[in-house]
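Comments concern the structure below.
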Amino acid sequence: MAKSPSRPKDGSIKAPAEESHAARPVSEARALAICVHHGNRPDELLEILHALQHELGHIPETTLPVIANALNLSRAEVYGVLTFYHEFHRAPVGRHVIKICRAEACQSMGTDALCNHAEHKLSTKIGETSSDGKFTIEAVYCLGNCALSPAVMIGENLYGKVDAKRFDEIVGSLDKETVQ
Amino acid sequence: MITVYVPRDAAALSVGADEVAAAIATEAVKQKKDVKIVRNGSRGMLFLEPLVEVETPNGRIAYGPVSPSDVADLFKANFLEGGAHKHYRGATKEIPYFKMQERLTFARCGITDPLSIEDYRKHGGFDGLLKAIAMKPIDIVTEVTASGLRGRGGAGFPTGIKWKTVHDLAADQKYVACNADEGDSGTFADRMLMEGDPFCLIEGMTIAAIAGGATKGYIYVRSEYPHAINALKEAIEIAKKANFLGTNIQGSGYSFDLFVRRGAGAYICGEETSMLESIEGKRGLVRYKPPIPAIEGLFGKPTIINNVMSFAAVPIIIAKGGEFYKNYGVGRSRGTLAFQLAGNIKQGGLVEKAFGVTTRELIEKWGGGTASGRPVRAVQVGGPLGAYLTVEKLDVPMDYEEFVKIDAMVGHGGLVVFDDTVDMAKMARFAMEFCAIESCGKCTPCRIGSQRGVEVIDKIIAGTDRTKNLELLEDLCVTMTDGSLCAMGGLTPMPVMSALKGFPDDFHRAPKQPVAEAAE
Ligand SMILES: Cc1cc2nc3c(=O)[nH]c(=O)nc-3n(C[C@H](O)[C@H](O)[C@H](O)COP(=O)(O)O)c2cc1C
Ligand code: SF4
């Protein structure tokens, strides 16, 4: 894994809307540096994309030719990998990406209700980002916390037994951090 | 100094273990108590997490579930000397949930400091590897074959046979690849072991490398498991420093380098050939077989691929002999399986038990029934591609062959419990939807079939041409079963058909009126 400037453990991402013209060359330079760090090895493509997303919150389109060139792959190959995996974002996401598990174990403990609550609470549909850019809600399938369902993950933090009340507390504490 | 254990397992963290550890540290300073906090793995009694243990002259005493606000109270109750408290659970090893298990693979998990190689050694760690070093590689293979160990990742293929294939091939490079994608809902055993006893996996893989003649290994861990990834990376560095990995391991002449690779949220990458593609940095498209990965695997080279649990069973098999392991279990299902009690269950957690135990025993004796207190209605065993069992089927012993007889599968040993509020038509629809979301797209029966499956079930639920559409659904399931390239499309019909056959009423309910609920 690349030693990229570490993103806070809560998964917050500094600047979500970083697609301005001025920012572009920065993304490309970072992509190049990360490829070099990984020895420009094509088999490290997933690790490279992880590292880049870790820094930028998503994989800007403009970095694809840079990565393809560095790894001696076609742009289509890089694009193919990027779009195959659910975890990679092609567009900017909210400062906090809230992953709610919708797999069977969490369904048995009411994740559907939790998802509805989350959508309502943040006025954001699953798969979308709140208008203030703070939160993105995503559905995921299994977080490996199936004895303590429903499970939620934000950044690298895992939460178990999340009901509506606990969800509000978690989101509330993130919101406070964001304001500070 | 008193040693206090607070797990670092992700499940424990998910209900506040870090906060509890911090509160204990703070309170200890305040009360001028000399306390050492060890962040152990989980004991697997997840319903008691965060489970705090105190080392006393009478052994380890457990308290749980502890919240940060309990901590001051615990000090008042003199928990550092095993004092009484409402969360007092007595000696950990005497807790029935724990005591009734047969822990072979998880013998150390929750007991040791996962990143202490000294602790690992003290508890029998590396005994297997040190023995393996002195054995002929073919004798290691023979021992694993004799143990009766079958792949724990789902398919149950005999591990020894796979190893033999790789052993017998001559190649300039061979690999060992560990499947730690653990995508099945209701499973967390791989994660618990990687976080709670990572050296055990490293040892098992190193033994596999020696047996197969491999010098490089990869552990493919799903990205949803950051704690496991970190634990493994740290453990690999520690093992390297102690010369249990790397060049000339313990002066044996064997060398083995181990790397961690991260997935990126694709369920299909748990399928072994898709996993290989992913490790190579590509889209996780399933490969045609043959050639099997044992012959042409990672980067086209012979590769031993096993699940975390399969590798983690190996150290004890080598240390104590295949015969020892084989003495557990029933029929052709030998040894133990780490069952995972999940979903709507009162006492969820990990139960390692010899094959032969029944689903009912697991749910009642260990699980204590549903979390909601309502009756159990369905249990999905073996992940999202496994069957939904009706309560009548809960007495079938956990045994690969016995489960096949009832059109079900043991798989990775996950049990997801549902109470009587579950709508099985909805669960059948979900199985198709999940397949549609996670299909790699390589073959039509799976890619298109799952999409059509969702639509057909929607029509059935809505009450449109029910008889015709139920027939169509069965037909579609046959096509997917027979025509799919891998078990993703091939087994999705299992949960669907088991729901349909076991819970037909749910497919014949009066359709919900879109606007007026009063119509019901
Ligand atoms: C869709 C699909 C998903 C799978 N997911 C996993 C998984 O997450 N972990 C795993 O070990 N095996 C998984 N398998 C099984 C693997 O293909 C393979 O059989 C296994 O890794 C072999 O190791 P074993 O013999 O030790 O079980 C999956 C198979 C399919 C078809
Ligand atoms: S069955 Fe599905 S997942 Fe498997 S190869 Fe075919 S399309 Fe891919």
Side-chain angles (χ1 to χ4, degrees), chain A residues 1 9 11 38 41-51 53-54 71 73 77-89 99 101-112 138-153 155-162 166, chain B residues 10-11 13-15 46-47 49 182-188 190-191 222-229 233 260-267 269 278-285 299 340-345 348-350 371-372 380 383-384 414 416-419 422 427 430 434 437-438 440:
Chain A
M1 201 184 118
K9 247 185 103 186
H38 286 267
R41 287 173 53 162
D43 62 307
E44 301 242 346
L45 178 54
L46 264 75
E47 294 292 326
I48 290 166
L49 294 176
H50 272 304
Q53 177 158 304
H54 189 81
L71 307 188
L73 295 170
E77 282 168 306
V78 178
Y79 181 82
V81 170
L82 177 65
T83 51
F84 184 85
Y85 295 94
H86 301 302
E87 173 117 348
F88 298 130
H89 301 123
K99 296 176 176 169
C101 177
R102 295 197 86 166
E104 291 89 341
C106 286
Q107 288 187 42
S108 78
M109 290 301 283
T111 194
D112 287 354
E138 278 181 356
V140 294
Y141 298 91
C142 199
L143 294 166
N145 200 21
C146 323
L148 301 171
S149 295
V152 168
M153 193 170 222
E156 294 199 346
N157 290 332
L158 181 64
Y159 301 89
K161 293 189 177 176
V162 183
R166 180 133 199 257
Chain B
L13 299 181
S14 84
V15 284
L46 299 178
F47 61 103
E49 294 291 1
E182 197 168 62
D184 292 359
S185 175
T187 66
F188 44 82
D190 296 351
R191 182 186 59 67
R222 64 202 303 257
S223 54
E224 291 85 346
Y225 284 1
H227 305 91
I229 291 170
K233 285 187 173 170
V260 175
R261 280 293 166 86
R262 240 183 320 173
Y267 177 75
C269 288
S278 192
I279 297 176
E280 292 180 12
K282 302 178 190 154
R283 292 157 66 91
L285 285 184
F299 303 111
Q340 298 129 86
L341 307 188
N344 196 331
I345 185 104
L350 181 133
S372 59
Q380 188 176 31
V416 179
V417 179
F418 294 82
D419 71 12
V422 67
M427 298 318 294
F430 176 76
F434 183 70
I437 296 170
E438 300 294 343
C440 86

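In what follows, chains carry the letters A, B, and so on, assigned in the order in which the sequence lines appear, proteins first and then strands, with residues in each chain numbered from 1.
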Among Pro150(A), Pro42(A), Gly80(A), who wins on heavy-atom pairs under 4.5 Å with chain B?
Gly80(A)

Measure distances from Arg166(A) to the heavy atoms of chain B and classify the residue's part below 4.5 Å as side chain, backbone, both or neither.
side chain

Validation row: Pro226(B), Met153(A) side chains within 4.5 angstrom (heavy atoms):
yes

Could you check whether Arg261(B) pairs with Asp43(A) (Lys NZ or Arg NE/NH1/NH2 to Asp/Glu carboxylate O, under 4.0 Å)?
yes

Is the shortest heavy-atom distance from the side chain of Met427(B) to the side chain of Gln107(A) under 4.5 Å?
yes

Close side-chain approach of Pro384(B) and Glu104(A), heavy atoms under 4.5 Å
yes

Would you mind telling me which of Ser372(B), Gly383(B), Gly349(B), Gly263(B) has the largest number of heavy-atom pairs within less than 4.5 Å of chain A?
Gly263(B)

Where on Leu46(B) is there a heavy atom nearer than 4.5 Å to chain A: the side chain, the backbone, both, or neither?
both

Can you check whether Phe434(B) reaches Tyr141(A) side chain to side chain, under 4.5 Å on heavy atoms?
yes

Look at Val78(A), Val152(A), Leu143(A) and state which one has the largest set of heavy-atom pairs under 4.5 Å with chain B.
Leu143(A)

Taking every heavy-atom pair that is under 4.5 Å apart, which of Ala342(B), Ala228(B), Cys440(B), Gly284(B) has the most such pairs with chain A?
Gly284(B)

Engaged part of Phe430(B) at the chain A interface, taking heavy atoms whose separation is under 4.5 Å:
side chain

Check for a donor-acceptor pair, side chain of Ser185(B) on one end and backbone N or O of Ala103(A) on the other, with a separation under 3.5 Å.
no

Can you say whether Ala11(B) sits under 4.5 Å from chain A via the side chain, the backbone, both, or neither, judging by heavy atoms?
both

Value for CD (Glu87(A)) from CZ (Arg222(B)), rounded to nearest 0.5 Å, stands at 10.0 Å

Taking side chain as everything from C-beta outward and backbone as N, CA, C, O, which of these in Leu148(A) sits under 4.5 Å from a heavy atom of chain B? Side chain, backbone, both or neither.
side chain

Applying a strict 4.5 Å limit to non-hydrogen atoms, the region of Asp184(B) in contact with chain A is backbone

Test of understanding: with side-chain contact (heavy atoms from CB on, under 4.5 Å), list the residues that count as partners of Tyr85(A), not counting sequence neighbours.
Leu46(A), Val81(A), Phe88(A), Tyr220(B), Ala264(B), Ala266(B), Cys269(B), Ser278(B)

Roughly how far apart are Lys161(A) NZ and Ser14(B) OG, rounded to 0.5 Å?
9.0 Å

Check for a donor-acceptor pair, side chain of His227(B) on one end and backbone N or O of Leu158(A) on the other, with a separation under 3.5 Å.
no

What are the two closest heavy atoms between Cys146(A) and Gly186(B), and how far apart are they?
SG-N, 3.1 Å

Look only at the side chain of Ser108(A) and the backbone of Asn344(B), and say whether a donor-acceptor pair between them is shorter than 3.5 Å.
yes

For Arg262(B), does its backbone N or O pair with a side-chain atom of Glu47(A) as donor and acceptor, under 3.5 Å?
yes

Under 3.5 Å, side chain of Arg283(B) to main-chain N/O of Phe84(A), donor-acceptor pair present?
no

Can you find a heavy atom in the side chain of Cys142(A) that is under 4.5 Å from one in the side chain of Phe188(B)?
no

Between His50(A) and Ser223(B), the two heavy atoms sitting closest are CE1-CB, 4.0 Å

Side chains of Ile437(B) and His86(A), heavy atoms from C-beta outward: is any pair under 4.5 Å?
yes

